[in-house]
Amino acid sequence: MLFLQELTADAVTRLKQAGLDDLMPYTQLDLRGGSRGSGIYSRFPLTEGPAVAPTHMAQPTALLELPNGDTVELVGVHPVTPQLGRGGSVAWRTELGTLPAPGELPRVLAGDFNATFDHAAFRDVLRLGYADAGRRAGKALTPTWGPPGRGPLFTLDHVLVNRACAVLDYAVYLVPGSDHRAVLAEIQFPER
């Protein structure tokens, strides 16, 4: 699975031209214009996922059908930036608060949470029943974002899974031209 935030229609076209559709032909995209879009790409079939509360940035959901017939719920996370002085911190807390708790199916929440472990609103999401893949792998404080020109300083991007899931690997990679780093998590889902 590949979760992308700040996804534009132009970026979707360039990814297709680069061959992403050959590797991951199934998509769930929510392109809202500008950099408010997000998408989920997969090599396994995707269908419409459970509804989540409306947010400023796109947060697409999908149901992933694994080859063994199991289903996994996916949520691409990208709450509004918590900018102080413009009501952004209230909107950010509200949007994080709308993320669903784990359910009967395994669930992955992945994306730019605009949050670190010292944010109470992020810890509230974890308390719903999620494990942070970076923390499970002993790499929870690996920075994923920094102001342009300064390099990564904060861990704002996360992959969260139901606590019953195993995290087999976790790494963070430089993405040329982006102020975010890519997060790669290898997850083993419990068999149903």
Side-chain angles (χ1 to χ4, degrees), residues 1-9 11-12 26-42 46-65 71-136 140 144-145 154-165 167 170 179-183 185 187 189-190:
M1 301 160 294
L2 174 65
F3 295 82
L4 297 172
Q5 291 76 43
E6 299 184 15
L7 186 63
T8 64
V12 169
Y26 303 99
T27 62
Q28 197 71 345
L29 306 176
D30 184 346
L31 304 177
R32 297 191 177 182
S35 61
R36 293 177 51 215
S38 291
I40 302 171
Y41 287 78
S42 172
L46 294 176
T47 57
E48 186 74 34
V52 295
T55 54
H56 177 72
M57 306 293 272
Q59 294 193 141
T61 67
L63 293 176
L64 169 72
E65 184 183 323
T71 301
V72 177
E73 293 180 347
L74 309 174
V75 179
V77 178
H78 196 195
V80 67
T81 304
Q83 297 175 348
L84 299 176
R86 293 195 280 169
S89 62
V90 172
W92 167 79
R93 278 192 306 276
T94 300
E95 289 185 5
L96 276 178
T98 66
L99 292 173
E104 205 173 295
L105 298 174
R107 180 177 289 142
V108 177
L109 305 179
D112 178 2
F113 286 73
N114 280 309
T116 63
F117 287 99
D118 62 338
H119 289 109
F122 181 66
R123 292 192 309 273
D124 288 344
V125 174
L126 293 173
R127 277 193 281 275
L128 292 173
Y130 291 106
D132 181 88
R135 179 180 274 177
R136 280 262 178 102
T144 63
W145 179 85
F154 303 105
T155 307
L156 301 182
D157 305 279
H158 303 274
V159 176
L160 306 184
V161 295
N162 300 53
R163 291 184 182 146
C165 297
V167 176
Y170 177 89
D179 57 349
H180 286 265
R181 299 229 168 163
V183 174
I187 302 162
F189 300 111

Inter-residue atom distance [X].[atom1] - [Y].[atom2], 0.5 Å rounding:
X      : Y      : atom1 : atom2 : result
Ser35  : His78  : OG    : NE2   : 7.5 Å
Thr61  : Glu73  : OG1   : CD    : 8.5 Å
Leu63  : Glu48  : CG    : CD    : 8.5 Å
Thr55  : Glu95  : OG1   : CD    : 5.0 Å
Ile187 : Cys165 : CD1   : SG    : 6.5 Å
Leu156 : Asp112 : CG    : CG    : 6.0 Å

Closest heavy-atom pair and its distance - [X], [Y]:
X      : Y      : value
Glu6   : Ser38  : N-OG, 4.3 Å
Ile40  : Gly76  : CD1-N, 4.0 Å
Gln59  : Arg32  : N-NH2, 4.4 Å
Pro102 : Asn162 : CB-ND2, 3.4 Å
Thr8   : Gly34  : CG2-O, 3.1 Å
Ala110 : Val159 : CB-CG2, 4.2 Å

Within the distance-only criterion (no hydrogens, no angle test), does the side chain of Arg36 pair as donor or acceptor with the backbone N or O of Leu31 below 3.5 angstrom?
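Not confirmed, Arg36 side chain does not pair with Leu31 backbone.
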Would you kindly say whether Tyr130 and Arg107 are connected by a side-chain donor-acceptor distance under 3.5 Å?
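Looking only at side-chain atoms, Arg107 and Tyr130 do form a donor-acceptor pair, the distance falling under 3.5 Å.
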Modelled atom types, side-chain donor and acceptor of Trp92 and Asn114, under 3.5 Å:
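No donor-acceptor contact under 3.5 Å links the two side chains.
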Considering only heavy atoms from C-beta outward, does the side chain of Thr144 approach that of Val183 to under 4.5 Å?
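A side-chain contact exists here, since the closest heavy-atom pair is under 4.5 Å.
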Do Leu74 and Phe3 make a side-chain contact, defined as non-hydrogen atoms from C-beta onward lying under 4.5 Å apart?
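A side-chain contact exists here, since the closest heavy-atom pair is under 4.5 Å.
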Starting from the C-alpha separation in whole Å, work towards a yes-or-no answer on side-chain contact (heavy atoms from CB on, under 4.5 Å) for Leu96 and Arg93.
CA-CA 5 Å; Leu96 276 178; Arg93 278 192 306 276; 5.9 Å; no
Taking it one step at a time, do Arg135 and Leu126 satisfy side-chain contact (heavy atoms from CB on, under 4.5 Å)?
CA-CA 11 Å; Arg135 179 180 274 177; Leu126 293 173; 4.3 Å; yes
One pair to check against side-chain contact (heavy atoms from CB on, under 4.5 Å): Val72 and Leu105. What are the steps and the verdict?
CA-CA 6 Å; Val72 177; Leu105 298 174; over 6 Å; no
Val52 vs Leu99, test: side-chain contact (heavy atoms from CB on, under 4.5 Å). Steps then yes/no.
CA-CA 7 Å; Val52 295; Leu99 292 173; 5.7 Å; no
Taking ring pair (Phe, Tyr, Trp, His ring centres under 6.0 Å) as the criterion, tell me which of Trp145, Phe154, Phe122 meets it with Phe113.
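Among Trp145, Phe154, Phe122, the one that satisfies the ring pair (Phe, Tyr, Trp, His ring centres under 6.0 Å) with Phe113 is Phe122.
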Tell me, which pairs form a salt bridge (Lys or Arg N to Asp or Glu O under 4.0 Å) where one or both residues lie in residues 96-106, sequence neighbours left out?
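Sorted result for residues 96-106: Glu104-Arg192.
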Before we go on, tell me: are the rings of Phe117 and His158 under 6.0 Å apart, centre to centre?
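Yes.
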